[in-house]
Novice: 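Structure in structure tokens, see below.
By convention in this document, chain letters (A, B, ...) are assigned in the order of the sequence lines, proteins followed by strands, and residues within each chain are numbered from 1.
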Protein chains: 2
Amino acid sequence: MAAAGAAPARTPARGRQRASHSLDTVLGEAIAILDESGEPALTFRALAARLGGGVASIYWYVSSRDELLEKATEEVMGRVLVETEPLVHGPDPIANVRAIAVALFDEFVRRPWFGQFMLRNSGMQPNSMAMFERLGQQLMRLDLTPRQQFHAVSSIVSYVVGVAADLAEPPPKEFLESGLTRSEFLEVLGQRWRELGPERFPFAHHVAGEMAVHDDLDVFRSGLDLLLDGLRLQAERGAGASDAAP
Amino acid sequence: MAAAGAAPARTPARGRQRASHSLDTVLGEAIAILDESGEPALTFRALAARLGGGVASIYWYVSSRDELLEKATEEVMGRVLVETEPLVHGPDPIANVRAIAVALFDEFVRRPWFGQFMLRNSGMQPNSMAMFERLGQQLMRLDLTPRQQFHAVSSIVSYVVGVAADLAEPPPKEFLESGLTRSEFLEVLGQRWRELGPERFPFAHHVAGEMAVHDDLDVFRSGLDLLLDGLRLQAERGAGASDAAP
DNA sequence: CCATCGTATCGAACACCGTTCTACGAGGGT
DNA sequence: ACCCTCGTAGAACGGTGTTCGATACGATGG
């Protein structure tokens, strides 16, 4: 997928001809629109205009908008798989999982639509499956039951995709209208939390400063580490220990 | 919110009159549609038909579809807050967090649209804020820095909402068309994983059986426990320990 | 009892979306 | 030269959220 053959792209220059596409150009332009303007901007009409053709032509390559997004995510996930391949060879499997998860998250941050759609997907396309497999292979090296491994991989993937999808949401319009920078706006929000008062909102009051200066990537990594610390603990206890709460 | 005053509901019976609404009835019927038929089914036309009135009337109470969903989620979150209030008084703060998270997740399972929209939200409505506060107050009882507390609550919320949003997606149409029961379909999927072969897909092969019999609630709880185990570990190390990776 | 005025309801229209139908060009094989 | 398949494309359909202007209701004040 990520390494497909070259495509004819466009008709050469021979007089006035009709537009000529290929699955690769369609996917490429679709991804370009998604990257530039986000998921809602990917309409068949916008894509057709970009391809210099008619709307209905797209349906020759793709049978619905969902399938278009599906193929686009598969394509991107394929690239991530290639990029993260070197990360599986470290000695500590949990460190490897961490590295892969962070890399995946990075891509989600770079392409918000990607994380958004991974969530919508049942996640059973080949490349998503391969990512699941890759994480799972690391966990196979730990002393865990199959059930524990299955649960752990599922949880990690859910966490990564969940946080990414959360971050993918467009910022509140109050921010867009304010014209403030990100950190200025966070400072305003922090101040608002501080003013909530320590009686009824002791926690918000207490962490207002953290809220005001927080970095999304730090928050993500910190939660991921909690998850992986718990996992390490579970592995140290060994596969015999109970999987359920007391 | 959750306990608002009674509404006039509908005009009595005096001849042929025009419909009469109120914010409460609008929200109530909207939630009813969402519960019965899911988020895409909530259209202004469907809602208007249900209210026995015209489409444009709804705009008197709500200025957009997003605001309608926002108010609906606030309403439901208000109810969850009331229901989970008793859970904050246990001796172990982490156990309390667990109980609250599970209750919240239950509501997300009961109302898929609720989790879906919580994700879309910046989560800064009063009742969402109150839920954040409630979880945070528990964590304030642990020996953690404000930053660790802030990160932990954010991660837990992200995890809960993320898994819920994942589960909220409609099942693949292959399942709907198959006419199989859930467990029968899972068995088919498990078999498919098993057949992937242990050479190229050792992990999928290895956990195929777990996949075939897994329960979504178990998977959720198991990941939540990993997260909370990591958190407990962090608290035991004390607030002095480093928050970042070495 | 009537005129007034703000509140609330509603029908019709607009712009846009995904999708489908149908017709029509271009190129290669025979 | 023909045909036949592969792609392209215009126009339309049914649906959506949203807006506009007209209109009715119900309380208020004379």
Novice: Output yes when B:Arg120 and B:Glu70 qualify as a salt bridge under the 4.0 Å nitrogen-oxygen rule, no when they do not.
Specialist: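 Looking at B:Glu70 together with B:Arg120, the answer is no, because their closest N to O distance does not fall below 4.0 Å.
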
Novice: Could you check which of D:dG17, C:dT19, C:dC10 has an atom nearest any side-chain atom of A:Tyr59?
Specialist: C:dT19

Novice: Taking only side-chain nitrogens and oxygens of B:Ser57, does any of them come within less than 4.0 Å of OP1 or OP2 of C:dA8?
Specialist: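 Answer no for this pair, as no side-chain N or O of B:Ser57 is under 4.0 Å from OP1 or OP2.
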
Novice: Round to the nearest Å and state the distance from B:Glu39 atom CD to D:dT16 atom C1'.
Specialist: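 Atom-to-atom, B:Glu39 to D:dT16, this comes out as 13 Å.
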
Novice: Using a distance-only criterion (donor-acceptor N/O pair, under 3.5 Å, no hydrogens), is the base of D:dG17 paired with the side chain of B:Arg45?
Specialist: yes

Novice: Between B:Trp60 and C:dT9, does any side-chain N or O lie under 4.0 Å from OP1 or OP2?
Specialist: no

Novice: Between C1' on D:dT16 and CG on B:Leu68, what's the gap in Å once rounded to a whole number?
Specialist: 15 Å

Novice: Tell me, with the steps shown, if B:Lys173 and A:Asp66 meet salt bridge (Lys or Arg N to Asp or Glu O under 4.0 Å).
Specialist: CA-CA 12 Å; B:Lys173 60 176 168 56; A:Asp66 269 353; over 6 Å; no

Novice: Salt bridge check, A:Arg110 against A:Glu107: does any charged N sit closer than 4.0 Å to a carboxylate O?
Specialist: yes

Novice: What is the distance, rounded to the nearest whole Å, between atom CD1 of B:Ile58 and atom C1' of C:dG11?
Specialist: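 After rounding, the gap between these two atoms is 14 Å.
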
Novice: Given atom CG of B:Leu47 and atom P of D:dT16, what is their separation to the nearest angstrom?
Specialist: 12 Å

Novice: Picking from C:dC17, D:dG17, D:dG10, which would you name as closest to the side chain of A:Thr43?
Specialist: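 Among C:dC17, D:dG17, D:dG10, the one nearest the side chain of A:Thr43 is C:dC17.
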
Novice: Separation of A:Tyr61 atom OH from C:dG18 atom C1', in whole Å?
Specialist: 20 Å

Novice: Using the side-chain heavy atoms of A:His21, tell me which of these nucleotides is nearest: D:dT18, D:dA9, C:dG18.
Specialist: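 Minimum distance to the A:His21 side chain belongs to D:dA9.
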
Novice: Which part of the nucleic acid, if any, lies within reach of B:Leu42 when heavy atoms closer than 4.0 Å are counted: base, sugar-phosphate only, or nothing?
Specialist: sugar-phosphate

Novice: Under 4.0 Å between a side-chain nitrogen and a carboxylate oxygen: does that hold for A:Glu67 and A:Lys71?
Specialist: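 Between A:Lys71 and A:Glu67 there is a salt bridge, with a charged N closer than 4.0 Å to a carboxylate O.
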
Novice: How many angstroms lie between CD1 in B:Ile100 and CE in B:Met131, if you round to the nearest 0.5 Å?
Specialist: 7.0 Å

Novice: In whole Å, what is the span from the CZ atom of B:Phe44 to the P atom of D:dT18?
Specialist: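 In whole Å, D:dT18 P and B:Phe44 CZ are 5 Å from each other.
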
Novice: Using whole Å, report how far CZ of B:Arg65 lies from P of C:dC17.
Specialist: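 After rounding, the reported distance stands at 17 Å.
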
